Undergrad: 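Take this structure first; my questions come after.
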Amino acid sequence: MVSLYNTGLELANLLLGSDLLNQSWEAISKLQKQNLTLLEDPSLPFSVKYQIYENPSKGSTIAFVSSPNCAVNHLQQEFRELVSSDQITSFDFLRSRSNTSSISIHKAAFTLFASLENELSLLKQQFTNSQPLIVTGHSLGGSVASLFTLWLLESLPSYGAQQILCITFGSPLLGNNGFQKAMSEHPAWSSCFLHVVSDKDPVPGFLISDHNASAATLTTPTWYMPFGTYLFGSESGFSCFEEPQSILELMIMSSRCAESENLHNRSQVIDYGHILEQLKNKAICRGISELPDSISNPLQAGTYLLLEATGVGKLQENVNLSYLAMNIAKRAEVQAKHKQNVFDPFKISVTKKSLTYLEWYIKNSLEEAGYYDKYKTRRSRSRNEIESTETLIKHHRTLNFFWKRTVTEVGNLPWKEGKIRRKRLLYAATNYRRMVEPLDIAEYYGRGKKDYVLHGRSEHYKLLEKWLTDENTQTYQRSQASSLTVDSSFWAYVEEAVISCQVLKGSPQDQESAKDNLIKFEQYVMDMINNFLVSPEIFLPQSSFMLWWNEYSKVVGNSYTSPLTNFMNGGFRSYA
């Protein structure tokens, strides 16, 4: 599961919508409640508890928690110690001829794992048939969950890794640079690990030394390094990262901020369940962010967007997101040359790259007629522009294929489960529909067809729109224009207005109906404008909307007045 960072934001939304995170945290919460006395007594030495939870429809979940509940005030200097793989035999399999680095594991985590090794050995034998399994844990319990998952993966055939996912919440780093390199030699294993980190939680970054923060190359065996996929969360949302150095930089910034905020309450334990619940109810309407001029390619654009979602810019005022995005993107390009995609254990889509290419295409169309018209007129453009658009067509098809399949799968779920899944996918689904359906409309009218809404609209778009309607999401009063036009069928209504305008100049017997249609269209557009529900790009000089308006104003003449004509003649350029 290699991420080029142009994919992290969408992957985060799909993970949140897949129910895997909630399922994992629910298992942890149950186990914590069962061991409440041990968890709340900081005078006790560290120990670890685990429990298996069976679900006939979702497979098994094994949860690990440490006692007492690990907070910053429990972590002493000796807690940073590593133990070399030379001293432990359970993980000999990590060593290889190609990796000459010394491999070391967090001593406290390994000690807890070793305390349960006999029990876990029996547990390991129960899960050798490649059945779906989630292994999860919180704090140090997450570290033990990672070690158990790694131990289990080594005993399975290669295809067995596709059925296992380890999800940790607020866990400290597990191993050194040599450990990370060993994991990079097993991309199928590495793709099985997802580490959820809150920007308020100082525990995940506790093991990062000052040397990590300033080192240009990380080769010293005593420095901790991340592995697997990291899901960074803040009040702004979640984003995924996989390149170790980039993760390290984000963890350094997050941990410093978290330690500063929790300075007077160092015993605070972060409730990840509360964070997941907040994000589940988060506003689903999000447009395309404004990108700085220094961002120069799609990869950097995607990186910038998902850095925004982690809240990094809010953590430290002197953080230059543009500079950080460009550095991370460069490392991602290098990483991509040496790694191959590994299919996600639970078939979470790799549509992330396609979505960000489309975001990039939208941004770079704003100096022309907008992305709708640029796509519609693609065949009459230069060779380079045609090649760029052909690439977009491929991404367009990828996104449509994924969401058509997703809508079908959700539709086949039992009613209650389907409702929960729809709610959690609502943000990603709505964002996709508003970005991609205009491309379908452009293709439809580009072939000379009519009545897209009645005869050409895909069923999956109708269902995605119904998801939003059924959710009864409260709409808030906007004070500025939406970056994406809220009604994904908007351009179809524009095209029908163009056709009606042509009818006004033709046969008298059809003119009355055309006039009625145009009056309704005027009212529709003004409602959208008054509520800031259309993107400013519709007012670009060569957009289909402006071409329609220029022709329509000639047909109706200067004596005709309406709310729309008053707006268009009185300063539509101030709309923003």
Side-chain angles (χ1 to χ4, degrees), residues 11-12 15-36 39-40 46 48-51 53 61-72 74-75 106 108-109 112-113 133-150 164-174 192-208 226-235 237-242 247 250-251 254-255 258 262 267-280 310-311 345-346 348 424:
L11 176 60
L15 284 167
L16 288 168
S18 70
D19 202 39
L20 295 176
L21 300 182
N22 289 281
Q23 181 182 340
S24 301
W25 186 257
E26 285 173 7
I28 291 170
S29 298
K30 287 181 183 177
L31 185 55
Q32 287 177 335
K33 289 176 182 177
Q34 293 169 9
N35 295 274
L36 198 58
L39 290 170
E40 293 182 343
F46 279 118
V48 64
K49 305 293 180 183
Y50 74 92
Q51 183 67 46
Y53 298 95
T61 301
I62 304 176
F64 290 84
V65 296
S66 61
S67 56
N69 238 331
C70 185
V72 176
H74 299 136
L75 309 182
H106 184 208
L112 290 177
F113 172 83
L133 173 66
I134 293 178
V135 185
T136 189
H138 175 240
S139 195
L140 269 177
S143 300
V144 178
S146 294
L147 289 174
F148 175 70
T149 301
L150 191 56
I164 297 176
L165 182 62
C166 177
I167 300 176
T168 72
F169 296 86
S171 293
L173 296 176
L174 186 59
C192 296
F193 292 87
L194 175 68
H195 309 287
V196 184
V197 174
S198 165
D199 66 334
K200 305 295 186 186
D201 194 346
V203 172
F206 179 79
L207 296 175
I208 299 175
F227 75 98
T229 300
Y230 271 72
L231 189 61
F232 285 92
S234 70
E235 293 178 356
F238 272 115
S239 281
C240 291
F241 292 80
E242 292 182 357
I247 293 169
L250 288 170
M251 292 186 76
S254 294
S255 62
N262 293 325
S267 62
Q268 178 183 0
V269 176
I270 302 300
D271 182 1
Y272 282 86
H274 178 66
I275 294 172
L276 294 175
E277 187 64 29
Q278 280 186 320
L279 285 166
K280 191 168 67 175
T310 66
F346 286 87
I348 294 173
R424 290 173 179 169

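Any value given below was found using the heavy atoms of this structure, including those in side chains, with hydrogens, waters and symmetry copies removed. The shown structure was predicted, so the numbers you read here are calculated from the model rather than taken from an experiment.
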Undergrad: Side-chain contact test, heavy atoms from C-beta onward, threshold under 4.5 Å: evaluate it for S143 versus S171 and give yes or no.
TA: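 When only atoms from C-beta onward are counted, S171 and S143 do touch, with a gap below 4.5 Å.
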Undergrad: Quick one: OG on S24 to CG on L194, what's the gap to the nearest 0.5 Å?
TA: 8.5 Å
Undergrad: What I'd like to find out is whether the side chain of S146 reaches to under 4.5 Å of the side chain of T168, using heavy atoms alone.
TA: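 Side-chain contact under 4.5 Å: yes.
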Undergrad: With respect to I167, which candidate in T149, T229, T136 satisfies the side-chain contact (heavy atoms from CB on, under 4.5 Å) definition?
TA: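 Passing option: T136.
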Undergrad: Can you find a pair of side-chain heavy atoms, one from L112 and one from L147, that are under 4.5 Å apart?
TA: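 Result no, sub-4.5 Å side-chain heavy-atom pair not found.
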Undergrad: Does the plane of the ring in F227 sit parallel, tilted or perpendicular to the ring in H195? Use 30° and 60° as the thresholds.
TA: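 Because their plane-to-plane angle is over 60°, the rings of F227 and H195 count as perpendicular.
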Undergrad: Rounded to the nearest 0.5 Å, how far does CG of D271 lie from OG of S29?
TA: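 So the gap between those two atoms works out to 7.0 Å.
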Undergrad: Flag the pair L133 / I62 as yes when at least one side-chain heavy-atom distance between them is below 4.5 Å, and no otherwise.
TA: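 Of all side-chain heavy-atom pairs linking I62 with L133, at least one is under 4.5 Å.
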Undergrad: Got I275 and I270 here, is their nearest side-chain heavy-atom distance under 4.5 Å?
TA: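 The answer is yes; the side chains approach within 4.5 Å.
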Undergrad: With rounding to the nearest 0.5 angstrom, report the OH to CG distance, Y230 to L250.
TA: 11.5 Å
Undergrad: To the closest 0.5 Å, what do you measure between OG1 (T61) and CG (L165)?
TA: 10.0 Å
Undergrad: Can you check whether L173 reaches M251 side chain to side chain, under 4.5 Å on heavy atoms?
TA: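 Side-chain contact under 4.5 Å: yes.
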Undergrad: Taking all heavy atoms of A145 and all of G137, pick out the closest pair and write down the distance.
TA: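 That closest heavy-atom pairing would be CB-N, 4.1 Å.
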Undergrad: Looking at side-chain heavy atoms only, is the closest gap between Q34 and K49 below 4.5 Å?
TA: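 They are not in side-chain contact.
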Undergrad: List in chain and number order the residues that pass ring-ring contact (aromatic ring centres under 6.0 Å, His included) with Y272, two or more places apart in sequence or in another chain; answer none if no residue qualifies.
TA: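 Scan of Y272 (ring-ring contact (aromatic ring centres under 6.0 Å, His included), adjacent residues dropped) gives W25, F169.
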Undergrad: To the nearest 0.5 Å, tell me how far H138 NE2 sits from D201 CG.
TA: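 One finds 6.0 Å between NE2 of H138 and CG of D201.
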Undergrad: Is there a donor-acceptor pair closer than 3.5 Å between any side-chain N or O of Y53 and the backbone N or O of L31?
TA: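 Pair found, side chain donor or acceptor close to backbone of L31.
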